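Just follow the structure's listing: the first ligand is 1, and inside any ligand the first atom is 1. The structure presented is a predicted model; accordingly, all values stated were derived computationally and were not measured. Positions are given from 1, in the same order as the sequence printed here.
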Amino acid sequence: MSTTAAPVEWQTDVDAYAQALRELFSDDPAFDQWRGVHHATTEDRVRATATLLGHLYAGGWNRFGWPEAVGGLGGDARHRAALYDELSAAGLPVPDPCLLMETLANPLVHFEPGLAAEMLPRWLRGEEWWGQGFSEPEAGSDLASLRCRARLDGENYVVSGSKLWMSSGATATRMMCLVRTGTPESRHRGLTMILIDVDSPGLSVRPVALASGLNEVAEVFFDDVVVPADRVIGSHDGGWGVAMYLLQFERAMYAWLAACVALRRFYELRDRVMTNGGLPDGATRRLGECYTDLVSLRARSAETVRRLSAAEAVGPEASVDKILLATAEISLHDLARDLLGDHFLTGTDDGADEWRHDWWYSRSATILGGSSEVQRTILADHVLKLPKENA
Ligand SMILES: Cc1cc2nc3c(=O)[nH]c(=O)nc-3n(C[C@H](O)[C@H](O)[C@H](O)COP(=O)(O)OP(=O)(O)OC[C@H]3O[C@@H](n4cnc5c(N)ncnc54)[C@H](O)[C@@H]3O)c2cc1C
(Lines give C-alpha, C1' and ligand atoms only; values in the text may rest on other atoms or scores of the structure.)
Protein backbone atom coordinates (compact mmCIF):
# COMPACT_ATOMS: atom_id res chain seq x y z
CA MET A 1 0.00 0.00 0.00
CA SER A 2 1.30 3.45 -0.74
CA THR A 3 0.04 6.18 1.56
CA THR A 4 -1.86 7.83 -1.28
CA ALA A 5 -3.56 4.54 -2.14
CA ALA A 6 -4.73 3.77 1.43
CA PRO A 7 -8.44 2.98 1.11
CA VAL A 8 -10.42 5.79 2.67
CA GLU A 9 -13.04 3.24 3.86
CA TRP A 10 -10.54 2.02 6.45
CA GLN A 11 -11.17 5.22 8.41
CA THR A 12 -14.51 3.73 9.42
CA ASP A 13 -14.01 0.01 8.68
CA VAL A 14 -11.60 -1.15 11.38
CA ASP A 15 -12.12 -4.84 10.51
CA ALA A 16 -10.98 -4.26 6.91
CA TYR A 17 -7.93 -2.36 8.17
CA ALA A 18 -7.11 -5.20 10.60
CA GLN A 19 -7.50 -7.79 7.84
CA ALA A 20 -5.11 -5.84 5.59
CA LEU A 21 -2.57 -5.69 8.44
CA ARG A 22 -2.88 -9.45 8.92
CA GLU A 23 -2.10 -10.04 5.24
CA LEU A 24 0.76 -7.54 5.32
CA PHE A 25 2.48 -9.18 8.29
CA SER A 26 2.13 -12.66 6.82
CA ASP A 27 3.12 -11.75 3.23
CA ASP A 28 5.90 -9.17 3.58
CA PRO A 29 9.23 -10.88 4.47
CA ALA A 30 10.71 -7.51 5.46
CA PHE A 31 8.96 -7.89 8.83
CA ASP A 32 11.02 -10.99 9.67
CA GLN A 33 13.92 -8.75 10.76
CA TRP A 34 11.87 -7.72 13.84
CA ARG A 35 10.57 -11.20 14.79
CA GLY A 36 12.03 -13.02 17.80
CA VAL A 37 14.90 -10.55 18.24
CA HIS A 38 16.35 -10.24 21.74
CA HIS A 39 18.02 -7.00 22.81
CA ALA A 40 20.68 -6.92 25.50
CA THR A 41 19.75 -3.44 26.73
CA THR A 42 16.57 -1.38 26.97
CA GLU A 43 18.21 1.37 24.96
CA ASP A 44 18.90 -1.11 22.11
CA ARG A 45 15.33 -2.43 22.26
CA VAL A 46 13.75 1.03 22.09
CA ARG A 47 15.93 2.10 19.15
CA ALA A 48 15.53 -1.20 17.27
CA THR A 49 11.76 -1.36 17.62
CA ALA A 50 11.54 2.31 16.58
CA THR A 51 12.84 1.23 13.15
CA LEU A 52 9.72 -0.95 12.82
CA LEU A 53 7.67 2.23 13.21
CA GLY A 54 9.62 3.74 10.34
CA HIS A 55 8.81 0.75 8.13
CA LEU A 56 5.11 0.91 9.03
CA TYR A 57 5.01 4.65 8.42
CA ALA A 58 6.58 4.30 4.96
CA GLY A 59 3.51 2.29 3.96
CA GLY A 60 1.12 4.59 5.83
CA TRP A 61 0.03 1.74 8.12
CA ASN A 62 0.51 3.38 11.51
CA ARG A 63 -0.95 6.71 10.38
CA PHE A 64 -4.45 5.31 10.83
CA GLY A 65 -5.90 6.18 14.22
CA TRP A 66 -4.58 9.76 14.10
CA PRO A 67 -6.32 12.85 12.64
CA GLU A 68 -5.30 13.95 9.16
CA ALA A 69 -4.63 17.47 10.49
CA VAL A 70 -1.64 16.18 12.50
CA GLY A 71 -0.19 13.84 9.87
CA GLY A 72 -2.47 10.82 10.33
CA LEU A 73 -4.85 9.17 7.90
CA GLY A 74 -7.98 9.39 10.07
CA GLY A 75 -9.76 6.81 12.17
CA ASP A 76 -9.60 6.54 15.95
CA ALA A 77 -8.22 4.62 18.92
CA ARG A 78 -9.68 1.35 17.56
CA HIS A 79 -7.29 1.52 14.60
CA ARG A 80 -4.31 1.82 16.91
CA ALA A 81 -5.70 -1.02 19.04
CA ALA A 82 -6.01 -3.16 15.89
CA LEU A 83 -2.40 -2.40 14.93
CA TYR A 84 -1.08 -3.52 18.35
CA ASP A 85 -3.25 -6.62 18.23
CA GLU A 86 -2.18 -7.65 14.73
CA LEU A 87 1.50 -6.98 15.41
CA SER A 88 1.34 -9.23 18.47
CA ALA A 89 -0.69 -11.95 16.74
CA ALA A 90 1.95 -11.99 13.99
CA GLY A 91 4.78 -12.50 16.49
CA LEU A 92 6.07 -8.96 16.06
CA PRO A 93 6.97 -6.53 18.87
CA VAL A 94 4.80 -3.53 19.57
CA PRO A 95 7.44 -0.78 19.10
CA ASP A 96 8.48 0.67 22.47
CA PRO A 97 7.82 4.29 21.41
CA CYS A 98 4.11 3.40 21.06
CA LEU A 99 3.73 3.06 24.86
CA LEU A 100 4.37 6.72 25.58
CA MET A 101 2.83 7.80 22.27
CA GLU A 102 -0.46 6.46 23.56
CA THR A 103 -0.33 8.56 26.71
CA LEU A 104 1.45 11.73 25.55
CA ALA A 105 0.51 12.24 21.90
CA ASN A 106 -3.23 12.27 22.60
CA PRO A 107 -3.20 15.34 24.88
CA LEU A 108 -0.79 16.97 22.44
CA VAL A 109 -3.27 16.47 19.58
CA HIS A 110 -6.19 17.64 21.72
CA PHE A 111 -4.64 20.69 23.41
CA GLU A 112 -1.90 21.76 20.96
CA PRO A 113 -2.77 20.60 17.44
CA GLY A 114 -0.15 22.96 15.94
CA LEU A 115 2.68 21.35 17.89
CA ALA A 116 1.21 17.92 17.15
CA ALA A 117 1.22 18.58 13.38
CA GLU A 118 4.90 19.49 13.63
CA MET A 119 6.03 16.72 15.96
CA LEU A 120 3.73 13.68 15.75
CA PRO A 121 4.91 12.58 12.26
CA ARG A 122 8.49 12.31 13.57
CA TRP A 123 7.26 10.08 16.40
CA LEU A 124 5.19 7.96 14.02
CA ARG A 125 8.30 7.50 11.85
CA GLY A 126 10.28 6.34 14.89
CA GLU A 127 12.65 9.27 14.63
CA GLU A 128 11.93 10.54 18.13
CA TRP A 129 9.96 9.60 21.25
CA TRP A 130 9.27 11.29 24.55
CA GLY A 131 9.28 10.61 28.26
CA GLN A 132 6.50 11.33 30.76
CA GLY A 133 7.76 13.42 33.67
CA PHE A 134 5.14 13.29 36.42
CA SER A 135 6.55 11.34 39.39
CA GLU A 136 9.16 12.74 41.74
CA PRO A 137 11.11 11.27 44.66
CA GLU A 138 8.43 12.57 47.07
CA ALA A 139 5.42 12.56 44.75
CA GLY A 140 3.99 9.41 43.18
CA SER A 141 0.55 8.31 44.35
CA ASP A 142 0.02 11.83 45.68
CA LEU A 143 0.90 13.53 42.40
CA ALA A 144 -0.62 16.89 43.42
CA SER A 145 2.21 17.30 45.95
CA LEU A 146 4.89 17.50 43.25
CA ARG A 147 7.54 20.19 43.65
CA CYS A 148 9.51 20.51 40.40
CA ARG A 149 9.04 24.23 39.81
CA ALA A 150 8.59 26.39 36.67
CA ARG A 151 8.88 30.15 37.06
CA LEU A 152 7.55 32.40 34.30
CA ASP A 153 10.27 34.83 33.18
CA GLY A 154 9.16 36.95 30.21
CA GLU A 155 8.61 34.66 27.21
CA ASN A 156 10.12 31.64 28.96
CA TYR A 157 9.69 29.34 31.91
CA VAL A 158 12.69 28.47 34.08
CA VAL A 159 12.40 24.91 35.41
CA SER A 160 14.22 23.58 38.47
CA GLY A 161 13.83 20.33 40.38
CA SER A 162 13.80 16.67 39.41
CA LYS A 163 11.66 13.84 38.07
CA LEU A 164 12.00 10.13 38.84
CA TRP A 165 10.98 6.83 37.23
CA MET A 166 10.70 8.21 33.70
CA SER A 167 10.15 5.28 31.29
CA SER A 168 12.32 5.49 28.15
CA GLY A 169 14.04 8.39 29.93
CA ALA A 170 17.50 7.22 28.85
CA THR A 171 16.72 7.66 25.15
CA ALA A 172 13.81 10.14 24.99
CA THR A 173 14.45 13.37 23.08
CA ARG A 174 11.69 15.37 24.76
CA MET A 175 9.79 15.14 28.03
CA MET A 176 6.23 16.12 28.78
CA CYS A 177 6.45 17.27 32.39
CA LEU A 178 3.95 18.30 35.00
CA VAL A 179 5.51 21.18 36.93
CA ARG A 180 4.49 23.50 39.73
CA THR A 181 3.65 27.03 38.64
CA GLY A 182 1.54 27.93 41.69
CA THR A 183 2.39 28.08 45.36
CA PRO A 184 3.52 24.86 47.11
CA GLU A 185 0.06 24.72 48.76
CA SER A 186 -1.85 25.13 45.48
CA ARG A 187 -1.89 21.32 44.99
CA HIS A 188 -3.53 20.35 41.65
CA ARG A 189 -4.63 23.96 40.91
CA GLY A 190 -1.05 25.21 40.54
CA LEU A 191 0.34 22.73 37.98
CA THR A 192 1.26 23.25 34.32
CA MET A 193 2.08 20.70 31.61
CA ILE A 194 5.12 21.65 29.57
CA LEU A 195 7.20 20.04 26.82
CA ILE A 196 10.95 20.17 27.42
CA ASP A 197 13.73 19.27 24.96
CA VAL A 198 16.29 16.92 26.47
CA ASP A 199 19.21 18.81 24.93
CA SER A 200 18.25 22.01 26.81
CA PRO A 201 21.18 23.43 28.83
CA GLY A 202 20.86 22.52 32.52
CA LEU A 203 18.96 19.27 31.93
CA SER A 204 20.68 16.00 32.85
CA VAL A 205 19.47 12.41 32.70
CA ARG A 206 20.63 9.60 34.99
CA PRO A 207 19.43 6.17 33.81
CA VAL A 208 18.14 3.99 36.67
CA ALA A 209 18.71 0.22 36.45
CA LEU A 210 15.85 -1.87 37.87
CA ALA A 211 16.40 -5.26 39.55
CA SER A 212 16.81 -6.82 36.08
CA GLY A 213 19.88 -4.65 35.55
CA LEU A 214 18.18 -2.87 32.65
CA ASN A 215 17.79 0.91 32.44
CA GLU A 216 14.01 0.85 32.13
CA VAL A 217 13.60 4.25 33.77
CA ALA A 218 15.59 7.40 34.46
CA GLU A 219 15.89 10.24 36.92
CA VAL A 220 15.98 13.70 35.35
CA PHE A 221 17.42 16.86 36.88
CA PHE A 222 16.47 20.40 35.86
CA ASP A 223 18.91 23.11 36.85
CA ASP A 224 17.31 26.41 35.72
CA VAL A 225 16.29 24.94 32.36
CA VAL A 226 14.85 27.62 30.06
CA VAL A 227 11.72 26.50 28.16
CA PRO A 228 9.81 28.76 25.72
CA ALA A 229 6.31 29.58 27.00
CA ASP A 230 4.80 28.29 23.73
CA ARG A 231 5.75 24.79 24.89
CA VAL A 232 2.94 24.80 27.48
CA ILE A 233 0.39 22.05 26.75
CA GLY A 234 -3.01 23.54 27.57
CA SER A 235 -2.83 26.58 29.82
CA HIS A 236 -0.74 28.02 32.66
CA ASP A 237 -1.94 26.34 35.88
CA GLY A 238 -4.18 24.08 33.75
CA GLY A 239 -1.88 21.03 33.89
CA TRP A 240 -4.12 18.90 36.08
CA GLY A 241 -6.86 18.94 33.45
CA VAL A 242 -4.32 17.86 30.81
CA ALA A 243 -3.11 15.06 33.09
CA MET A 244 -6.69 13.84 33.65
CA TYR A 245 -7.34 13.90 29.89
CA LEU A 246 -4.13 11.91 29.40
CA LEU A 247 -5.07 9.37 32.07
CA GLN A 248 -8.00 7.97 30.08
CA PHE A 249 -5.60 7.03 27.25
CA GLU A 250 -3.19 5.50 29.73
CA ARG A 251 -5.98 3.42 31.24
CA ALA A 252 -7.54 2.39 27.92
CA MET A 253 -4.73 2.16 25.39
CA TYR A 254 -1.74 1.22 27.55
CA ALA A 255 -3.73 -1.63 29.10
CA TRP A 256 -4.85 -2.87 25.68
CA LEU A 257 -1.36 -2.64 24.23
CA ALA A 258 0.16 -4.47 27.21
CA ALA A 259 -2.57 -7.14 27.00
CA CYS A 260 -1.74 -7.77 23.32
CA VAL A 261 1.94 -8.26 24.14
CA ALA A 262 1.13 -10.48 27.16
CA LEU A 263 -1.07 -12.77 25.06
CA ARG A 264 1.72 -13.20 22.50
CA ARG A 265 4.14 -14.06 25.30
CA PHE A 266 1.61 -16.51 26.76
CA TYR A 267 1.43 -18.42 23.46
CA GLU A 268 5.25 -18.39 23.21
CA LEU A 269 5.44 -19.88 26.70
CA ARG A 270 2.86 -22.56 25.90
CA ASP A 271 4.71 -23.52 22.70
CA ARG A 272 8.06 -23.66 24.46
CA VAL A 273 6.74 -25.87 27.27
CA MET A 274 4.95 -28.18 24.80
CA THR A 275 8.04 -28.70 22.65
CA ASN A 276 10.36 -29.22 25.63
CA GLY A 277 9.03 -32.54 26.87
CA GLY A 278 5.37 -31.69 27.42
CA LEU A 279 3.48 -30.27 30.34
CA PRO A 280 4.59 -30.84 33.93
CA ASP A 281 1.98 -31.82 36.59
CA GLY A 282 -0.51 -29.06 37.30
CA ALA A 283 0.56 -27.04 34.27
CA THR A 284 -2.72 -27.46 32.39
CA ARG A 285 -4.72 -25.83 35.17
CA ARG A 286 -2.16 -23.04 35.62
CA LEU A 287 -2.17 -22.30 31.88
CA GLY A 288 -5.97 -22.21 31.95
CA GLU A 289 -6.00 -19.82 34.91
CA CYS A 290 -3.49 -17.50 33.29
CA TYR A 291 -5.37 -17.56 29.98
CA THR A 292 -8.52 -16.60 31.90
CA ASP A 293 -6.70 -13.63 33.44
CA LEU A 294 -5.54 -12.52 30.00
CA VAL A 295 -8.86 -12.79 28.20
CA SER A 296 -10.68 -11.14 31.12
CA LEU A 297 -8.31 -8.21 30.76
CA ARG A 298 -8.77 -8.12 26.97
CA ALA A 299 -12.57 -8.23 27.21
CA ARG A 300 -12.64 -5.43 29.72
CA SER A 301 -10.01 -3.40 27.88
CA ALA A 302 -11.75 -3.78 24.50
CA GLU A 303 -14.87 -2.21 25.98
CA THR A 304 -12.83 0.68 27.44
CA VAL A 305 -11.14 1.29 24.07
CA ARG A 306 -14.57 1.27 22.41
CA ARG A 307 -15.84 3.88 24.88
CA LEU A 308 -12.73 5.99 24.36
CA SER A 309 -13.14 5.92 20.58
CA ALA A 310 -16.83 6.85 20.94
CA ALA A 311 -15.76 9.90 23.04
CA GLU A 312 -17.59 8.45 26.06
CA ALA A 313 -16.03 9.26 29.43
CA VAL A 314 -13.44 6.78 30.64
CA GLY A 315 -13.89 7.51 34.30
CA PRO A 316 -12.84 5.98 37.62
CA GLU A 317 -14.21 2.57 36.65
CA ALA A 318 -11.14 2.20 34.38
CA SER A 319 -9.23 1.45 37.58
CA VAL A 320 -10.63 -2.06 37.10
CA ASP A 321 -8.61 -2.32 33.86
CA LYS A 322 -5.45 -1.27 35.69
CA ILE A 323 -5.96 -3.90 38.40
CA LEU A 324 -6.72 -6.63 35.84
CA LEU A 325 -3.59 -5.68 33.92
CA ALA A 326 -1.41 -5.99 37.01
CA THR A 327 -3.03 -9.34 37.87
CA ALA A 328 -2.49 -10.73 34.35
CA GLU A 329 1.12 -9.51 34.14
CA ILE A 330 2.04 -11.15 37.43
CA SER A 331 0.08 -14.32 36.65
CA LEU A 332 1.85 -14.74 33.28
CA HIS A 333 5.36 -14.15 34.55
CA ASP A 334 4.96 -16.30 37.66
CA LEU A 335 3.68 -19.04 35.38
CA ALA A 336 6.76 -18.68 33.15
CA ARG A 337 9.02 -18.88 36.20
CA ASP A 338 7.30 -22.03 37.44
CA LEU A 339 6.93 -23.85 34.12
CA LEU A 340 10.41 -23.06 32.81
CA GLY A 341 11.98 -24.17 36.12
CA ASP A 342 15.78 -24.46 36.01
CA HIS A 343 15.85 -22.96 32.55
CA PHE A 344 14.23 -19.80 33.91
CA LEU A 345 16.75 -19.58 36.74
CA THR A 346 19.99 -20.53 35.03
CA GLY A 347 19.33 -20.69 31.27
CA THR A 348 21.90 -18.76 29.27
CA ASP A 349 20.05 -18.34 25.98
CA ASP A 350 18.21 -15.19 24.91
CA GLY A 351 14.80 -16.72 25.65
CA ALA A 352 15.62 -17.38 29.32
CA ASP A 353 17.20 -13.97 29.64
CA GLU A 354 14.08 -12.28 28.28
CA TRP A 355 11.72 -14.18 30.58
CA ARG A 356 13.88 -13.27 33.59
CA HIS A 357 14.01 -9.58 32.62
CA ASP A 358 10.27 -9.53 32.02
CA TRP A 359 9.60 -11.31 35.32
CA TRP A 360 11.51 -8.62 37.19
CA TYR A 361 9.68 -5.88 35.31
CA SER A 362 6.30 -7.49 36.03
CA ARG A 363 6.95 -6.93 39.77
CA SER A 364 6.31 -3.24 39.10
CA ALA A 365 2.87 -3.90 37.56
CA THR A 366 1.05 -3.19 40.81
CA ILE A 367 2.70 0.21 41.18
CA LEU A 368 3.62 1.78 37.85
CA GLY A 369 0.97 4.13 36.48
CA GLY A 370 -0.88 4.12 39.82
CA SER A 371 -0.68 1.45 42.51
CA SER A 372 -3.29 -1.30 42.94
CA GLU A 373 -4.05 -0.07 46.47
CA VAL A 374 -4.85 3.39 45.15
CA GLN A 375 -6.95 1.93 42.28
CA ARG A 376 -9.04 -0.08 44.77
CA THR A 377 -9.59 3.05 46.84
CA ILE A 378 -10.74 4.92 43.71
CA LEU A 379 -13.24 2.13 42.99
CA ALA A 380 -14.47 2.14 46.60
CA ASP A 381 -14.85 5.93 46.73
CA HIS A 382 -15.98 6.90 43.23
CA VAL A 383 -17.64 3.83 41.73
CA LEU A 384 -19.09 1.98 44.73
CA LYS A 385 -19.44 5.24 46.69
CA LEU A 386 -18.66 3.51 49.98
CA PRO A 387 -18.32 5.60 53.15
CA LYS A 388 -14.77 6.54 54.13
CA GLU A 389 -13.30 4.02 56.58
CA ASN A 390 -12.66 6.64 59.25
CA ALA A 391 -16.04 8.38 58.75
C1 LIG B 1 8.72 0.55 36.01
C2 LIG B 1 8.13 1.89 36.33
C3 LIG B 1 7.93 2.82 35.31
C4 LIG B 1 7.39 4.07 35.61
N5 LIG B 1 7.28 5.01 34.60
C6 LIG B 1 6.89 6.28 34.91
C7 LIG B 1 6.90 7.30 33.92
O8 LIG B 1 7.19 7.06 32.73
N9 LIG B 1 6.56 8.56 34.29
C10 LIG B 1 6.21 8.87 35.59
O11 LIG B 1 5.90 10.03 35.84
N12 LIG B 1 6.21 7.92 36.56
C13 LIG B 1 6.55 6.64 36.25
N14 LIG B 1 6.58 5.68 37.24
C15 LIG B 1 6.24 6.04 38.61
C16 LIG B 1 4.92 5.50 39.09
O17 LIG B 1 3.83 6.17 38.49
C18 LIG B 1 4.92 5.61 40.63
O19 LIG B 1 5.85 4.65 41.08
C20 LIG B 1 3.57 5.36 41.24
O21 LIG B 1 2.68 6.40 40.94
C22 LIG B 1 3.66 5.21 42.78
O23 LIG B 1 4.34 6.27 43.32
P24 LIG B 1 5.60 6.05 44.31
O25 LIG B 1 6.59 5.17 43.63
O26 LIG B 1 6.06 7.39 44.76
O27 LIG B 1 5.02 5.22 45.51
P28 LIG B 1 4.20 5.79 46.77
O29 LIG B 1 3.17 6.74 46.28
O30 LIG B 1 5.17 6.29 47.79
O31 LIG B 1 3.48 4.48 47.30
C32 LIG B 1 4.21 3.51 48.07
C33 LIG B 1 3.20 2.49 48.57
O34 LIG B 1 2.22 3.14 49.38
C35 LIG B 1 0.90 2.86 48.90
N36 LIG B 1 0.07 4.05 49.03
C37 LIG B 1 0.40 5.33 48.72
N38 LIG B 1 -0.66 6.14 48.92
C39 LIG B 1 -1.68 5.35 49.34
C40 LIG B 1 -3.04 5.60 49.70
N41 LIG B 1 -3.55 6.83 49.66
N42 LIG B 1 -3.80 4.54 50.08
C43 LIG B 1 -3.29 3.27 50.10
N44 LIG B 1 -2.01 2.98 49.77
C45 LIG B 1 -1.22 4.00 49.39
C46 LIG B 1 1.06 2.50 47.43
O47 LIG B 1 0.02 1.66 47.00
C48 LIG B 1 2.42 1.80 47.43
O49 LIG B 1 2.24 0.43 47.77
C50 LIG B 1 7.06 4.40 36.96
C51 LIG B 1 7.24 3.45 37.96
C52 LIG B 1 7.78 2.22 37.68
C53 LIG B 1 7.99 1.24 38.79
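- For the 3.5 Å distance criterion, the side chains of Gln132 and Trp130 fail to qualify, holding no donor opposite an acceptor.
- Taken from CG in Leu53 to CH2 in Trp129, the straight-line distance is 9.0 Å, to the nearest 0.5 Å.
- Checked against a 6.0 Å centroid threshold, the rings of Tyr84 and Trp256 do not count as neighbours.
- Protein residues having at least one heavy atom under 4.0 Å from any atom of ligand 1 are Gln132, Phe134, Ser135, Gly140, Ser141, Trp165, Met166, Ser167, Val217, Tyr361, Ser364, Ile367, Leu368, Gly369, Ser371, Glu373, Val374, listed by chain and number.
- Hydrophobic clustering (side-chain heavy atoms under 4.5 Å, transitive across Ile, Leu, Val, Met, Phe, Trp, Tyr) keeps Leu203 apart from Trp165.
- Arg147 and Glu136 are not joined by a salt bridge, as no carboxylate oxygen comes within less than 4.0 angstrom of a charged side-chain nitrogen.
- Taking a cutoff of 4.0 Å between a charged side-chain nitrogen and a carboxylate oxygen, Arg231 and Glu112 do not qualify as a salt bridge.
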